[in-house]
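These values consider heavy atoms only, across backbone and side chains, with no hydrogens, waters or symmetry-generated copies. In what follows, every chain begins at residue 1, and chains take the letters A, B, ... in the order their sequences are listed.
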Amino acid sequence: MSFINYSSREINCKIVYYGPGLCGKTTNLQYIYKRMNPESRGKMISLATETERTLFFDFLPLSLGEIRGFKTRFHLYTVPGQVFYDASRRLILRGVDGVVFCADSQLTRMDSNVESLENLRINLREQGYDADRIPLVLQYNKRDLPQAATVSELHALLNSRNVPEFEAVATTGVGVFETLKAVIKLILIDLKKGGR
Amino acid sequence: MAQGNFILHEKEYRDFQGVLKKLLSDSYGKVVFLVDKNGTLLAAAGETEEFDTTSLASLAAGNIAATGGLASLIGEKEFSILFHEGERDNMHLSVVANRLILVVIFDRRSSVGLVRLRVRRASVELERILRAVDAGSKREEEDGIEELTEADIESLFK
Ligand SMILES: Nc1nc2c(ncn2[C@@H]2O[C@H](COP(=O)(O)OP(=O)(O)OP(=O)(O)O)[C@@H](O)[C@H]2O)c(=O)[nH]1
Ligand SMILES: [Mg+2]
């Protein structure tokens with residue numbers, strides 16, 4: 001649910017990075033934080049365990065300039081990927097406008113990717129969303145690792161909706177902004193349609 | 001989508017602002033702000049420069065969401081009021097009409113009893129405005145975002 005403030009002429013949208021534990025969701029936000037012009041981003045908040053695993057969420061607010069006289073603000077969140085944090089994932093999905101599903105390309109992580117994607121669909125439905133229509137992009141992360149599945153394998157396994165997909169190495173930033181732009185575009189197109 | 005967009009117009013925005021200003025002075029608070037349950041800041045009053053309101057809004061929403069999760073695990077609907085006591089500043093969070101979060105930060109010039117009392121009164125006003133917001137959302141938008149073109153969207157990424 002986007003928030004449109006006609007008084008301060010602002011549009012606020014919420015983007016959630018979803019995916020299995022250790023796939024690189026937090027790393028995406030850290031890279032965006034590092035590379036964005038400080039005027040365009042706020043503080044990054046990470047509610048994490050001692051070992052840097054996301055405990056509740058990461059939060060990064062961006063403001064990306066104006067369209068049609070409206071300031072656009074995007075609130076980026078990551079969920080905790082570890083399976084047993086499901087209750088928290090459900091809370092963070094509330095009010096989401098677009099989802100980045102971050103998959104781990106390593107062959108050993110294929111089951112976790114599938115499980116996490118299924119978990120996303122279940123949790124979206126539980127929040128009253130149509131899991132087949134919500135703005136979604138896929139990111140195949142960790143392309144730098146030697147035991148990575150091929151993109152066509154990942155596509156066959158995860159992209160049945162045939163949404164935009166991107167290869168990424170979040171640690172060095174490859175594909176990170178491409179992914180972000182794609183989801184923002186889908187959200188704005190969805191907003192424009194207004195047919196919710 | 002689960003819900004329609006939340007659209008706030010000039011009038012209701014000013015009304016929100018008015019209620020917050022009054023609450024601020026009635027409760028002797030330092031800062032008062034109104035957040036939606038998704039963590040977006042709607043309005044604020046008081047010493048806002050002193051605080052990172054964007055972060056506060058997101059964490060307040062996370063706080064309410066987490067305690068709401070706890071509540072449902074023990075069969076409660078929601079903990080609609082939270083109070084955090086600090087050494088210097090205190091924070092009072094309350095849910096308004098199941099959708100908004102009203103946050104008051106205050107120090108020893110005020111008290112939790114007073115804040116609670118004033119918050120209750122302000123909440124009634126906020127609910128009334130919220131009903132107007134809902135009615136307004138059904139109106140047609142003139143200079144609306146519906147006219148957004150592909151080129152507009154592209155321009156964000158130049
Ligand atoms: N080699 C490689 N490592 C990566 C890449 N992206 C992230 N990592 C590493 O993977 C580990 C986990 O990354 P995080 O971003 O914390 O993972 P997460 O998805 O947030 O994990 P949870 O918070 O548990 O859900 C870190 O050590 C990262 O440096 C990548 O593209 N390539
Ligand atoms: Mg993380």
Are [Y] and [X] linked, directly or through intermediate hydrophobic residues, by side-chain heavy-atom contacts shorter than 4.5 Å (ILVMFWY only)?
| X | Y | answer |
| --- | --- | --- |
| B:Leu20 | B:Val104 | yes |
| A:Leu93 | A:Val163 | yes |
| B:Ile105 | B:Leu102 | no |
| A:Leu107 | A:Leu138 | no |
| A:Leu191 | A:Val100 | yes |

Minimum heavy-atom distance [X]-[Y], with the two atoms named:
| X | Y | result |
| --- | --- | --- |
| A:Phe57 | B:Leu59 | CZ-CD2, 3.8 Å |
| B:Leu41 | A:Phe3 | O-CE2, 4.1 Å |
| B:Glu10 | A:Ser7 | OE1-OG, 3.3 Å |
| A:Phe59 | B:Ser55 | CE2-CA, 4.3 Å |

Fill in the blank from the handout: Per-residue tally against chain A (heavy atom, under 4.5 Å) across B:Thr54, B:Asp36, B:Leu73 peaks at B:Thr54
Exercise for the section: Select one option (side chain, backbone, both, neither) describing which atoms of A:Ile92 are under 4.5 Å from chain B's heavy atoms. Expected result: neither
Practice task
Side chain from CB out, backbone as N, CA, C, O: work out which of these in A:Leu91 comes under 4.5 Å of a heavy atom of chain B, or both, or neither.
Solution key: side chain
Handout entry: chain A-proximal positions within residues 60-68 of chain B [heavy-atom distance under 4.5 Å]
Key = B:Gly62, B:Ala65, B:Ala66
Problem - Other ILVMFWY residues reachable from A:Leu55 by side-chain steps of under 4.5 Å - result: A:Phe84, A:Tyr85
Practice task
Hey, could you give me the CD1/CG distance between A:Ile184 and B:Leu156, rounded to the nearest 0.5 Å?
Solution key: 7.5 Å
Completion exercise
Interatomic distance, OG@B:Ser58 vs CG@A:Leu76, rounded to 0.5 Å, equals 11.5 Å
Practice task
Using non-hydrogen atoms and a 4.5 Å limit, figure out which bit of B:Leu70 sits close to chain A: side chain, backbone, both or neither.
Solution key: neither
Practice task
Could you list which of residues 169-183 of chain A have a heavy atom closer than 4.5 Å to any heavy atom of chain B, in residue-number order?
Solution key: A:Lys181
Handout entry: Close approach to chain B in residues 29-46 of chain A, criterion heavy atom under 4.5 Å
Key = A:Lys43, A:Ile45
Exercise for the section: Flag the pair B:Thr40 / A:Asn5 as yes when at least one side-chain heavy-atom distance between them is below 4.5 Å, and no otherwise. Expected result: no
Practice task
Give a yes or no on whether A:Glu52 atom CD has more than 12 heavy-atom contacts from other residues, nucleotides or ligands under 6.0 Å away.
Solution key: no
